[in-house]
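Lettering follows sequence order; numbering is per chain, from 1.
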Amino acid sequence: MTQSAASDETKSARPGTFAPLAGLVILEVCTGAALSFAARLLGDLGAEVVKIEPPEGDALRRQGPFMSGAGEPASALFGYLNAGKRCVGMEIADPAATPLLARFVGRSDLVLFDANAEAALLRDLLVAGRRQGPAALVFSPYGLKGARADRAGSSFTAQHSGGYAYHQAYPATDPGKVPPTGAADREADMILGLVAANAALWALMSRRDGEARPVVDLSAEDGFAYLLVDALADLKEGRLGPTRKRLPGQGITIAGGLVWFLPCSDGAIMVSPREDHQWARWVKMMGDPAWARDKELCGSRAIRTTNAARLQELMEPWAAGVKAQDTFRQAQAAKIACFPICSATDLLENSQLLSRLFFETLSAPGKTDIAMPGLPFLVRSSSGATLPRPRRRAFPQLVEQADV
Amino acid sequence: MSDGLSPAPSATADWTQCLNGVRVVDFSWVVAGPMATKRLGAMGAEIIKIESATRPEFSLRHAWFSVVNNNKRSCTLNIASAEGQALIHALVAESDIVVENFSSRVLTKNNLSYDDLRKVKPDIIYVSASGLGRTGPENEMLAYGSLLQGYSGRVAMIGAMNAGLEGMGIAPGWTDPVTSLWEGFLILAALRHHRATGEGCYIDLSMLEASVTLLPDALLHAALGQATAEQGSESEIGASPSGCFRCKGEDAWVAVSVRDDGEWRGLRAALDVPDDPAFSGREARIARRTGLNAIVAAWCAGRTAVEAEATLQSHGVPSAISQGIREVLDDPHLKERDLFRQVGDGSWSIALPWMEAGGWRGGLSAPPKLGADNDYVFGELLGVSPEEQARLKAAGVIA
């Protein structure tokens, strides 16, 4: 690699560990889950993360679900998003706190913050100032630039203006009954956190001594519009209808191929026997129904795509008489891509996730430990070093400003 | 370290330099890997996409190909041949990163595993994205991103299940772009580690886990033995009123979300809702979301989406018209932010999902023609003579 070393890259991990962000200091000043998740990821890879919260604590500390046990409520979600951080309570809008905030900024390599009124000082220092010092990442619903920049928004509304919600409910037989639909659970904030984590590393790796700091302008709306790969492809191929109204026979295809959803006697499966050889094995699994011999109905991948809705109807009676788990196992044994629809409880007991030690444990004084999602990868360095991953993570306690 | 506050000499920066000099050998196909390597290319890395004219997933060049394969070079090679594998090994020896999403069988059969390639490049950064991970009892299962959206649980949390798969979170693809973001994050981190230590690494990324880890609310509720209170797809968790509301006009909708007391006061003013202690405090409003949403729905039903959004925004209430891709491409705000650009044949593609505050948003070149860079890769980089290239083409190795 010919790249000259950036100023932060002189810092490194302890020998024998793969902690690629060791030595970096990240300052997080935010009110939502997106940047909290981004900073958590940076911390998981070795960075020291300092999280500034209001004196009464981050609002997410007061949102459930809460860990079981005696004492002050401990939000499991807050614990998940902030494990491993040093949390400091201070009123950043208070002028008396400015010197301490400046000290925190000064010892940081990157500052992540929301573009809200409380963070006006950070915005003045790190965006308007454009001086040397830490890199900055500013998160907002619509960005710092553009006609909508100052509008009120959230990760929910940004999914709608950014197009993702519309296309997640496209096509619809009766669009009046199927509203544009957002992502599940906390996915909206979490994926924005992932985008922020990518942008943060770009900013850290773009810092150069003697040059202006990189300032990332990250908009929630941009993050969702970025996901419109299928919609752009449909538009290019002339397959996008003038409205969300479903066209006759139109199936669900996403980049890669046709997918069917089939309710079973005890749940549901999704299956994609997209290649001819896979389809032949799938037909055999269904007991070689007579309709499957009709070449004009299902004789090729292209024909099956055209007749997707009709094939769905024909497969449903068979699927209703089989069990999802059994069908999933049989199909996979026959090298057909097929999976059951899982619940969260199913996932906690999933043998694949458990075998890879995917779940971590969140622990707090006086509370019952609970499982929480971990990192989705395993890594080892060329010398055999692995990422230090504590299986048991302590609930992050808030430290008063005066104690810092 | 600078204190971050002291005035510094005026300086400008060239943001295109971040990954200059980094070379990526990209075996990935469909969406996840290609989206990740496209972003690396936008940051200055050289991406060499290994393709094959004999494989339809490469030769057909579906429309989505042009959206996820910008910023790359293309070479064509038969990776099943011994000579093809030798060329791959020679290329990897001159590169920094390998990205792949092969099945385990293909990796082993064609001598492309991490253990194979680290022999020729000990410090290679090798990113292996697979449906369920490279270890565990289900690691050999055949998986696609779309199906993992069901296996991960998200499909059960979006809309209502229906045979037409409408509004259920199956399309657009989710697991693939999510996986691409994990890949990009890990590659950048691994590069930093390499620059600090000289070490490469092997990354085993599970697409299933990449999706599951973004569903903490459901998992934490399940771990506590509690039913999940909210799905998050039809309204924002922790906000009320919140939802997507029908307005006057064909398929016109406005999303609204009230997260705190200030936004609640704004909504009350916008809709002329009298103060009611029953709605005091976020928790009280969440408990009464159905009723509050009905009030907003009735108000929206009598207005166009443009009118509703303008009124709500004038009172500081998070709100947005639900737009489709045509409106998104035509949106003045998004145009100003330069997220979408027309490249090559005039088709649209998407730049980096973030921008530098000065306006930089990364490179975005047209996707390569199949094998367009064969001469560069085999001739210039690997020193294969024109005569030998001709022989390799005739033998079906460069193909």
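Remark: the backbone N or O of A/Ser381 is not paired with any side-chain donor or acceptor of B/Glu199 at under 3.5 angstrom. Remark: side-chain polar atoms of A/His167 are paired, donor with acceptor, to backbone N or O of B/Ile325 under 3.5 angstrom.
Between the CD atom in B/Gln313 and the OG1 atom in A/Thr157 there is a gap of 7.5 Å [rounded to 0.5 Å]. Note: B/Leu181 CG to A/Leu227 CG = 7.5 Å, rounded to the nearest 0.5 Å. With rounding to the nearest 0.5 angstrom, the OH atom of A/Tyr80 is 11.5 Å from the CG atom of B/Asp217. Atoms CG and CG, on A/Asp185 and B/Leu220 in that order, are 8.5 Å from each other to the nearest 0.5 Å. Atom OG of B/Ser152 and atom CG of A/Asp346 lie 11.5 Å apart (nearest 0.5 Å). Atom CG of residue A/Asp222 and atom CG of residue B/Leu352 lie 11.0 Å apart, to the nearest 0.5 angstrom.
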side-chain contact (heavy atoms from CB on, under 4.5 Å) assessment of B/Leu219 paired with A/Leu348: CA-CA 7 Å; B/Leu219 287 161; A/Leu348 289 172; 4.2 Å; yes

Criterion side-chain contact (heavy atoms from CB on, under 4.5 Å) on A/Val215 and B/Glu356, from CA distance to verdict: CA-CA 6 Å; A/Val215 177; B/Glu356 205 287 327; 3.9 Å; yes

Chi angles and distances behind the side-chain contact (heavy atoms from CB on, under 4.5 Å) call for B/His193, A/Phe18: CA-CA 8 Å; B/His193 184 76; A/Phe18 179 84; 3.5 Å; yes

Audit row: B/Ser349, A/Leu232, side-chain contact (heavy atoms from CB on, under 4.5 Å) steps and yes/no: CA-CA 8 Å; B/Ser349 193; A/Leu232 279 182; 5.6 Å; no

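In this structure, A/Arg380 and B/Cys201 have side chains that are not in contact, with every pair of non-hydrogen atoms separated by 4.5 Å or more. In this structure, the side chains of A/Pro214 and B/Trp15 come closer than 4.5 Å at one or more pairs of heavy atoms. When side chains are defined from C-beta on, A/Pro376 counts as touching B/Leu205, because their heavy atoms get closer than 4.5 Å. Looking at A/Gln332 and B/Glu138, their side chains never come closer than 4.5 Å, going by heavy atoms from C-beta outward. Inter-residue side-chain proximity for A/Pro179 and B/Arg246 is flagged as unmet; no heavy-atom pair is nearer than 4.5 Å. Between B/Cys244 and A/His160, the closest side-chain pair of non-hydrogen atoms falls below 4.5 Å. A/Leu228 has its side chain out of reach of B/Trp348: every pair of non-hydrogen atoms, C-beta onward, lies at least 4.5 Å apart. Inter-residue side-chain proximity for B/Arg192 and A/Leu45 is flagged as unmet; no heavy-atom pair is nearer than 4.5 Å.
Interface check for chain A: of the options B/Met168, B/Glu140, B/Glu327, the most heavy-atom pairs under 4.5 Å are formed by B/Met168. Top candidate by heavy-atom pairs under 4.5 Å with chain B, chosen from A/Ser343, A/Gly143, A/Ala165, A/Gly223, is A/Gly143. Between chain B and the options A/Ile336, A/Thr243, A/Ile191, heavy-atom pairs under 4.5 Å are most frequent for A/Ile191. Here A/Glu187 is the residue among A/Glu187, A/Met67, A/Glu237, A/Met372 with the most heavy-atom pairs under 4.5 Å with chain B. If you tally non-hydrogen atom pairs under 4.5 Å between each of A/Arg148, A/Met190, A/Gln312 and chain B, the highest count goes to A/Arg148. In terms of heavy-atom pairs under 4.5 Å with chain A, the best-connected choice from B/Arg134, B/Arg39, B/Glu234 is B/Arg39. For the set A/Leu81, A/Leu144, A/Val111, A/Leu353, the count of heavy-atom pairs under 4.5 angstrom toward chain B peaks at A/Leu353. The most heavy-atom pairs under 4.5 Å with chain B, out of A/Pro175, A/Ala59, A/Ala183, A/Pro141, come from A/Ala183.
Using a 4.5 Å cut-off between heavy atoms, A/Phe358 touches chain B through its side chain atoms alone. Contact annotation for A/Ser382: both backbone and side-chain heavy atoms come within less than 4.5 Å of a heavy atom of chain B. Interface residue A/Glu316: only side-chain heavy atoms are found under 4.5 Å from chain B. Proximity to chain A is limited to the backbone of B/Pro122, based on heavy atoms less than 4.5 angstrom apart. Contacts between A/Leu235 and chain B at a heavy-atom distance below 4.5 Å involve the side chain alone, from C-beta outward. With a threshold of 4.5 angstrom between heavy atoms, B/Asp260 does not approach chain A through any atom at all. No part of B/Phe245 comes within reach of chain A, as not one of its non-hydrogen atoms sits under 4.5 angstrom from that chain. At a 4.5 Å heavy-atom cutoff, A/Leu137 makes no contact with chain B through either its backbone or its side chain. The contact between A/Lys145 and chain B is made by backbone and side chain atoms together, counting heavy-atom distances below 4.5 Å. Of the atoms belonging to A/Pro340, heavy atoms from both backbone and side chain fall under 4.5 Å from chain B.
The two residues A/Pro20 and B/Ala189 make their nearest non-hydrogen contact at CB-O, 3.1 Å. Taking both residues in full, the closest heavy atoms of A/Val259 and B/Ser146 are given as CG2-OG, 3.3 Å, listed atom of the first, atom of the second, then distance. B/Met35 and A/Val229 make their closest contact through CE-CG2, 4.0 Å (heavy atoms, listed as atom of the first residue, atom of the second, distance). Closest of all the heavy-atom pairs between B/Glu236 and A/Ser155 is OE2-OG, 4.0 Å. When every heavy atom of A/Gln352 is checked against every heavy atom of B/Thr135, the shortest pair comes out as NE2-O, 2.8 Å. When all heavy atoms of B/Ala63 and A/Ala233 are compared, the pair lying nearest together is CB-O, 3.4 Å.
When the shell of 6.0 Å around CD of A/Glu313 is examined, it contains more than 12 heavy atoms from other residues, nucleotides or ligands.
A/Ser161 is linked by a side-chain contact (heavy atoms from CB on, under 4.5 Å) to A/Tyr142, A/Glu221, B/Ala320, B/Gln323, counting only residues two or more places apart in sequence or in another chain. Residues forming a side-chain contact (heavy atoms from CB on, under 4.5 Å) with B/Ser206 (at least two apart in sequence, or on another chain): A/Arg356, B/Leu208, B/Glu209.
The side-chain tip of A/Arg274 points at the ring of B/Tyr144 from less than 6.0 angstrom away and within 45° of straight on.
Between A/Lys245 and B/Asp251 there is no salt bridge, since no side-chain nitrogen of the basic residue lies less than 4.0 Å from a carboxylate oxygen of the acidic one.
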